[in-house]
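Notes follow once the structure below has been shown.
Residue indices begin at 1 and follow the sequence shown. All ligand and atom numbering here is 1-based and tracks the order in the structure. Below, each value reflects all heavy atoms present in this structure, side chains not excepted, and no hydrogens, waters or symmetry copies.
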Amino acid sequence: MDRIRIRGGRALSGSIDIGGAKNAALPLMAAGLLTDQRLTLTNLPALADIDTMATLLRQHGIAAEIDRAARTVSLGGAVTNTEAPYDLVRKMRASVLVLGPLVARVGEARVSLPGGCAIGTRPVDLHIKGLQALGAEITLDGGYIRAASKGRLRGGKVVFPFVSVGATENIMMAAALAEGETEILNAAREPEIQDLAACLGAMGAEVQGAGTDRIRIIGKAALGAATHPIIPDRIETGTYAVAAAITGGDILLRGARLDDLAAVARVLADAGVAMTAEAGGIRVRRANGALLGADAMTEPYPGFPTDMQAQFMALMCVADGASMVTETIFENRFMHVPELTRMGAHINVHGASAIIRGVPRLSGAPVMATDLRASVSLVLAGLAATGETIVNRVYHLDRGYERLEAKLAGCGADIERVGG
Ligand code: UD1
């Protein structure tokens, strides 16, 4: 199994190209199930999760042609199999995004329940209730969700008791082929939702209000061909922003959009880190050299993203003074804490909050993590640590970061992937 070896202590400088957003690309690819026409997505990142989604779509009968050089995927074709098997769903929870499109297009879907995952129980009850509100009949059987509809789904009112990105996306896609109007209240407002809305619009659905907590969709009997560019990855951007900050460096994040990162920029400003929009991207560096303790609480967009929590905590490990990080979206999303502690960090967890007391230096160690963002937080810590850090279980990183070690090495980091 590959590992990443880092010898820390170098200030990073240079520029990094930000890729297309994984969390936008996955629902956009699932939207390829909604039409037999060609849906082409551009700015496609090269990630393991994208390959998993392509495999899933292919086994549903959809052609999913990835052109790595052009960074595109072309989707389209008839649905010949409506089952999303356990082996794929278990590997990637976002597989559940095929549920809405399948039942909307062919009146039937059988999708494995994702089961437990490393960052908490993560149920799918909101996806199910939302589809029921559009007239789908849902049964749970043998670990699978079975959704059925005689004829087209019917538009309806879906009121979410709390914000779910995936459930909002599943219902938006189903509603795009439903008869009549669907209203989603307490909808997620993430930039990825707005990207999906733009794509569904380009395919012929009428979608209004994406980016607010009330989305209206008027479905069509059929959707057509479209070409859609995937938005830049705000979490990849935030991760490399922390890489610049933690090493006291200066990096231009090319292609990144500051508008999508307002909450991260605010918290980093509290910590003494400036993110400024420049022609072509965002420049990140410490404002006055010092790194200060600052607090962050994760919230649905436009709040501070849970997917940046572990990286921000790594940064606070070497800040002056104390900071508090509170996780409100997922239970059990502090798995990076014991590993950061092994590198010399001072962190106390009380329920959903962690108090971090900054230390002058972390020290390198062999570490591993059980999810994507926790893993990358250890890479960031390793960049600032003395000595050598080995991050095991690199396959987590490959799910969400394209050429991570090459991008960091390009800015002067001493980092390499080692096999075996
Ligand atoms: C998406 C992102 C993930 C990010 C998360 C929160 C993708 C592919 N993944 O995940 O990276 O961390 O948003 O920003 O876009 N919940 C329920 N019932 C449901 C659905 C969700 O209780 O039916 C709970 C979850 O357990 C969690 C919270 O709602 O506590 C938010 O989850 P959700 O927004 O649905 O996350 P995902 O869409 O899975």
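- Contact annotation: for Glu169 versus ligand 1, there are no heavy atoms closer than 4.0 Å.
- Lys220 and Glu206 are joined by a salt bridge, as a carboxylate oxygen and a charged side-chain nitrogen come within less than 4.0 angstrom of each other.
- Note on Arg333 versus Asp307: salt bridge recorded, some NZ/NE/NH1/NH2 to OD/OE distance being below 4.0 Å.
- Comment: Lys22 does not engage Asp233 in a salt bridge, judged by the lack of any side-chain N to carboxylate O separation of less than 4.0 angstrom.
- Atoms of ligand 1 found under 4.0 Å from any heavy atom of Arg93 (numbered from 1 in listed order, with element): 39 (O).
- Shown in contact with Thr306 at under 4.0 Å from a heavy atom are these atoms of ligand 1, numbered in order with element: 6 (C), 12 (O), 14 (O).
- Closest to atom 38 (O) of ligand 1 by heavy atom, among Gly166, Ser164, Ala167, is Gly166.
- Of all atoms in ligand 1, listed by their number and element, those nearer than 4.0 Å to a heavy atom of Pro123 are 16 (N), 17 (C), 18 (N), 19 (C), 20 (C), 21 (C), 22 (O), 23 (O), 26 (O).
- Judged by distance alone, the side chains of Glu327 and Thr306 do bring a donor and an acceptor atom under 3.5 Å apart.
- Here Met53 has no heavy atoms under 4.0 Å from ligand 1, in either its backbone or its side chain.
- By the 3.5 Å distance cut-off applied to N or O atoms, Leu126 is counted among the residues near ligand 1.
- On a distance-only criterion, Asp125 and ligand 1 share at least one N/O pair closer than 3.5 Å.
- Only side-chain heavy atoms of Asp307 come within less than 4.0 Å of ligand 1; its backbone N, CA, C and O stay farther off.
- In terms of polar-atom proximity, defined here as any N/O pair under 3.5 Å, Glu190 makes no such contact with ligand 1.
- A side-chain contact (heavy atoms from CB on, under 4.5 Å) with Tyr401 is found for exactly one of Leu408, Val379, Ile235, Val394, namely Ile235.
- Contact between Glu192 and ligand 1 is absent, with no heavy atom of the residue lying under 4.0 Å from the ligand.
- Contact annotation for Ile329 and ligand 1: heavy atoms of both the backbone and the side chain come within less than 4.0 Å of the ligand.
- Close approach to Arg333 involves these atoms of ligand 1, each under 4.0 Å from a residue heavy atom: 12 (O).
- Residue pairs satisfying the salt bridge (Lys or Arg N to Asp or Glu O under 4.0 Å) criterion with at least one member in residues 188-198, sequence neighbours excluded, are listed as follows: Glu192-Arg234.
- At least one N/O-N/O distance between Val165 and ligand 1 falls below 3.5 Å.
- Checked against salt bridge (Lys or Arg N to Asp or Glu O under 4.0 Å), Arg342 has the following partners two or more places apart in sequence or in another chain: Glu339.
- Applying side-chain contact (heavy atoms from CB on, under 4.5 Å) to Phe312 and the options Leu268, Val264, Thr298, Thr239 leaves one that passes, Leu268.
- Counting heavy atoms under 4.0 Å from ligand 1, residue Phe162 touches it through the side chain alone.
- Here the OG1 atom belonging to Thr55 is positioned 6.5 Å from the CG atom belonging to Asp51, to the nearest 0.5 angstrom.
- The CG atom of Leu39 sits 7.5 Å away from the CG atom of Leu28 when rounded to the nearest 0.5 Å.
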